[in-house]
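A quick write-up on the structure given underneath.
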Amino acid sequence: MKISLIIPCYNEQEALPIFYGETKKVMESMACDYELIFVNDGSKDGTLALLKELADADEHVSYIGFSRNFGKEAAMYAGFCNAGGDYVAVMDADMQDPPSLLPQMLEILETGEYDSVATRRVTRKGEPKIRSWFARMFYRIINHISDADIVDGARDFRLMKRSMVDAIVAMGEYNRFSKGIFGWIGFRTYWLPYENVNRVAGETKWNFWKLFKYAIDGVINFSQVPLSIASWFGMFMTVVAFIAVLFIVIRKLVFGDPVDGWASTVCIITLIGGIQLFCMGIMGQYIAKTYIEVKKRPHYIVSESNIDEMEKIK
Ligand code: UDP
Ligand code: MG
């Protein structure tokens, strides 16, 4: 029995030695074979050099180096495509996914009742309040409008059986949103709650704007509901317009009032113009995603690695 850990790394030279030390200790205590697959996502610091050192000294370590920064989703995909273990987990390099949970996760999987054990932060201590609020709103909305089950506070950190990994690899879409993919493929998942842990060293790669865009991407990738907003708006406005026409015609016939008020006309025109542009924008978002998807560009390009047999461009 073998466990593969996938660790996406982008500028993690401060956190990596701590992560490696801790994880190694946990894995050695677990009495099973294991491999650590570090994916260097085009780091600009000494991450790659550090990974090479680790790989030279430790046969359990392999690394995949991208030709540039492709993002965490691509790094995770590269890991999944090259993981050979019976059980596979993705972990952040900053210790926010505590390796100490791994033995417990394995124990739950070994009972055979579940296909994956996923972790969920029950607190968001140490995170800006406004960010937590937006995060909660995001989960509320996406669960209403998407058929993928996306759990609030869920991390990408989960230990999965081979069958689940195969399903993830088979989802070859370019616009990847892993929280949605995990939820969409199904399988029996056990949720393991834990308290939020702060990053040990280095800095987060996510600012508010990046997270906001990530959330919008998540919605567009896993829901068609925004598209139907346009048709609902359209229908609603048609009904309103019909009533308004009746009202004006009857008022003219009965009371002989001339139609006055250019101000209201301008307001209505700008309102409807705004709604139309808004709806076109939503459609544009989907068209843009479709455009990227049909180009079938590779998810990532590997420039160096110590894994012999792998697809360098996938
Ligand atoms: N990461 C990556 N590519 C990126 C950004 C981040 O591989 O473009 C990795 C990063 O090295 C870390 C994990 O993704 O291991 C999570 O990133 P981070 O801790 O910055 O995110 P946060 O925990 O703050 O959401
Ligand atoms: Mg982190």
Side-chain angles (χ1 to χ4, degrees), residues 4-23 36-51 54 61-83 88-99 101 118-132 134-136 138-139 150-158 174-179 181-182 194-215 217-218 299-303 305:
S4 303
L5 297 182
I6 300 164
I7 307 105
C9 307
Y10 179 52
N11 297 345
E12 298 285 7
Q13 63 178 11
E14 284 95 17
L16 263 182
I18 309 172
F19 174 86
Y20 174 73
E22 287 293 312
T23 310
L36 306 176
I37 306 174
F38 291 92
V39 184
N40 175 42
D41 186 10
S43 299
K44 294 179 181 67
D45 63 357
T47 302
L48 184 61
L50 198 66
L51 289 180
L54 291 181
V61 173
S62 27
Y63 67 90
I64 299 171
F66 285 178
S67 62
R68 66 166 168 88
N69 180 250
F70 280 88
K72 185 184 174 189
E73 292 288 345
M76 283 162 62
Y77 190 59
F80 283 128
C81 293
N82 291 290
V88 179
V90 180
M91 296 179 79
D92 283 8
D94 58 5
M95 301 293 289
Q96 283 193 296
D97 299 327
L101 291 177
T119 57
R120 192 167 79 87
R121 291 191 289 182
V122 281
T123 56
R124 286 179 171 270
K125 255 200 331 260
E127 199 185 62
K129 285 248 158 41
I130 181 90
R131 183 164 151 180
S132 306
F134 270 98
R136 269 203 308 277
F138 166 71
Y139 286 109
I150 298 169
V151 176
D152 186 3
R155 307 264 318 163
D156 291 332
F157 179 34
R158 54 168 83 204
Y174 189 81
N175 294 294
R176 299 187 75 76
F177 180 65
S178 284
K179 289 189 201 325
I181 292 176
F182 293 149
Y194 77 103
E195 300 256 323
N196 189 35
V197 191
N198 280 339
R199 189 176 243 289
V200 281
E203 261 168 35
T204 176
K205 277 79 203 176
W206 299 86
N207 55 30
F208 184 80
W209 182 236
K210 259 185 155 174
L211 276 173
F212 187 73
K213 283 208 297 212
Y214 187 60
D217 274 351
H299 293 87
Y300 58 82
I301 298 167
V302 176
S303 59
S305 169

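Source: prediction; values computed, not measured. For the single chain, residues carry numbers from 1 onward in sequence order. Order of listing sets the numbers, starting from 1, for every ligand and every atom in it.
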*Measure the shortest side-chain to side-chain distance between F80 and V88 over non-hydrogen atoms and say whether it is less than 4.5 angstrom.*
yes
*Between F70 and F66, what is the ring plane arrangement, given parallel below 30°, perpendicular above 60°, and tilted in between?*
perpendicular
*Taking K72 for its side chain and P8 for its backbone only, find out whether a donor-acceptor pair lies under 3.5 Å.*
no
*Going by chain and residue number, what protein N/O/S atoms come nearer than 2.8 Å to the Mg ion (ligand 2)?*
D94 OD2, Q96 OE1
*Minimum heavy-atom distance N11-K205, with the two atoms named*: O-NZ, 3.5 Å
*Parallel, tilted or perpendicular, as decided by the 30° and 60° cut-offs, for the rings of F19 and F38*: perpendicular
*Considering only NZ, NE, NH1 and NH2 on the basic side and carboxylate oxygens on the acidic side, decide whether R199 and D92 come within less than 4.0 Å.*
no
*What's the shortest heavy-atom distance between D156 and S178, and which atoms?*
OD1-CB, 4.2 Å
*For ligand 1, what are the residues with a heavy-atom contact below 4.0 Å?*
P8, C9, Y10, E12, D41, N69, G71, K72, D92, A93, D94, Q96, R199, T204, K205, W206
*asked:* If you count heavy atoms of other groups shown closer than 6.0 angstrom to CZ of F212, is the number above 12?
replied: no
*Which distance, rounded to the nearest 0.5 Å, do you find between the OH of Y139 and the CZ of F134?*
14.5 Å
